[in-house]
Amino acid sequence: QVQLVESGGGLVQPGGSLRLSCAASGSIFSVYEMYWYRQAPGKRELVASVSGAGTTNYADSVKGRFTISRDNAKNTVYLQMNNLKPEDTAIYYCKHEMGYWGQGTQVTVSS
């Protein structure tokens with residue numbers, strides 16, 4: 001069993017920044033790929049991923065603005081989000097390669 005707990009969401013103005021965190025417990029964290037997804041009404045999108053070796057991938061919609069990273073010593077994956085836009089508004093979830101999901105954290109970008 002793997003538990004994932006996200007934090008760091010909130011309300012931010014367009015152009016602002018947030019950093020999301022996802023703390024994992026219950027498995028050997030470092031070898032597994034981790035993902036950030038987001039869910040807006042009617043749409044789920046894979047935002048970014050990071051492999052155990054640190055290889056990253058991003059959706060075209062966030063390239064150059066978002067950065068995914070991981071700290072294996074802390075069993076935590078991060079999503080640094082800069083230059084946020086209203087269309088980034090969604091519930092953000094982290095996902096473990098084994099198929100476990102966190103509870104989600106709301107990000108709202110609005111003036």
Side-chain angles (χ1 to χ4, degrees):
Q1 187 76 12
V2 175
Q3 294 81 43
L4 301 172
V5 179
E6 299 104 333
S7 61
L11 172 64
V12 64
Q13 293 186 342
S17 298
L18 285 174
R19 189 176 82 153
L20 306 183
S21 300
C22 173
S25 61
S27 76
I28 300 173
F29 175 79
S30 63
V31 301
Y32 291 104
E33 189 160 13
M34 297 293 295
Y35 311 88
W36 283 101
Y37 282 80
R38 64 187 180 187
Q39 177 79 53
K43 179 182 177 183
R44 174 181 287 183
E45 180 181 25
L46 173 58
V47 175
S49 65
V50 57
S51 72
T55 302
T56 58
N57 285 286
Y58 298 93
D60 288 343
S61 58
V62 306
K63 279 181 182 176
R65 301 188 297 121
F66 290 12
T67 303
I68 189 171
S69 61
R70 65 191 300 158
D71 184 338
N72 289 333
K74 295 182 178 180
N75 282 10
T76 300
V77 62
Y78 303 98
L79 185 69
Q80 177 67 46
M81 305 185 295
N82 298 327
N83 190 22
L84 283 159
K85 303 176 180 180
E87 53 263 42
D88 295 317
T89 295
I91 302 173
Y92 284 71
Y93 298 89
C94 68
K95 181 187 173 186
H96 191 282
E97 183 179 351
M98 294 175 65
Y100 296 97
W101 293 82
Q103 84 286 354
T105 186
Q106 176 72 48
V107 172
T108 302
V109 185
S110 175
S111 56

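Everything numeric here is computed off the predicted structure, so don't read it as measured data. Sequential numbering from 1 along the given sequence is applied to the chain's residues.
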Test of understanding: clusters of I, L, V, M, F, W, Y form through side-chain heavy atoms closer than 4.5 Å, transitively. Do Y58 and Y78 belong to the same one?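 Shared cluster, no.
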Do [X] and [Y] come within less than 4.5 Å of each other through their side chains, counting heavy atoms only?
| X | Y | value |
| --- | --- | --- |
| T56 | F66 | no |
| V50 | T55 | no |
| Y37 | V47 | no |
| Y32 | M98 | yes |
| L79 | T67 | no |
| L4 | M34 | yes |
| Y93 | I91 | yes |

Pair listing, salt bridge (charged side-chain N to carboxylate O under 4.0 Å, His left out) test, anchored in residues 34-43, at least two apart
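Found R38-E45, R38-D88.
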Quick one: side chains of residues 9-25, donor-acceptor pairs under 3.5 Å with protein atoms, not counting sequence neighbours, listed by atom name and distance.
unit_1 : atom_1 : unit_2 : atom_2 : d
S17    : OG     : N82    : OD1    : 2.9
S25    : OG     : Q3     : OE1    : 3.0

Identify, with sequence neighbours excluded, every residue that meets side chain to side chain donor-acceptor pair (under 3.5 Å) alongside Y35.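 Residues passing side chain to side chain donor-acceptor pair (under 3.5 Å) with Y35: E33.
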Axial cation check for W101 ring with R44, 6.0 Å and 45° limits
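Flagged: R44 positioned over aromatic ring of W101.
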* To do: Test the R70-F29 pair against the cation-pi criterion, namely NZ or CZ under 6.0 angstrom from the six-membered ring centroid and within 45° of the ring axis.
  =>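 Output yes; distance and angle both within limits.
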From Q106 CD over to E6 CD, what is the distance, rounded to the nearest 0.5 angstrom?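 So the CD of Q106 and the CD of E6 are separated by 12.0 Å.
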Review point. Between CD1 of I68 and SG of C94, what distance do you get to the nearest 0.5 Å?
Key: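 Here the rounded value is 9.5 Å.
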- Exam field: side chain T89 to backbone E87, donor-acceptor pair closer than 3.5 Å: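 No, T89 side chain to E87 backbone: no donor-acceptor pair under 3.5 Å.
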- Provide the closest heavy-atom pair for V107 versus M81 in the form atom of the first, atom of the second, distance.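 Answer, listing the atom of V107 first, then M81: CG2-CE, 3.8 Å.
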Test side-chain contact (heavy atoms from CB on, under 4.5 Å) applied to W36 and K95, step by step:
CA-CA 6 Å; W36 283 101; K95 181 187 173 186; over 6 Å; no
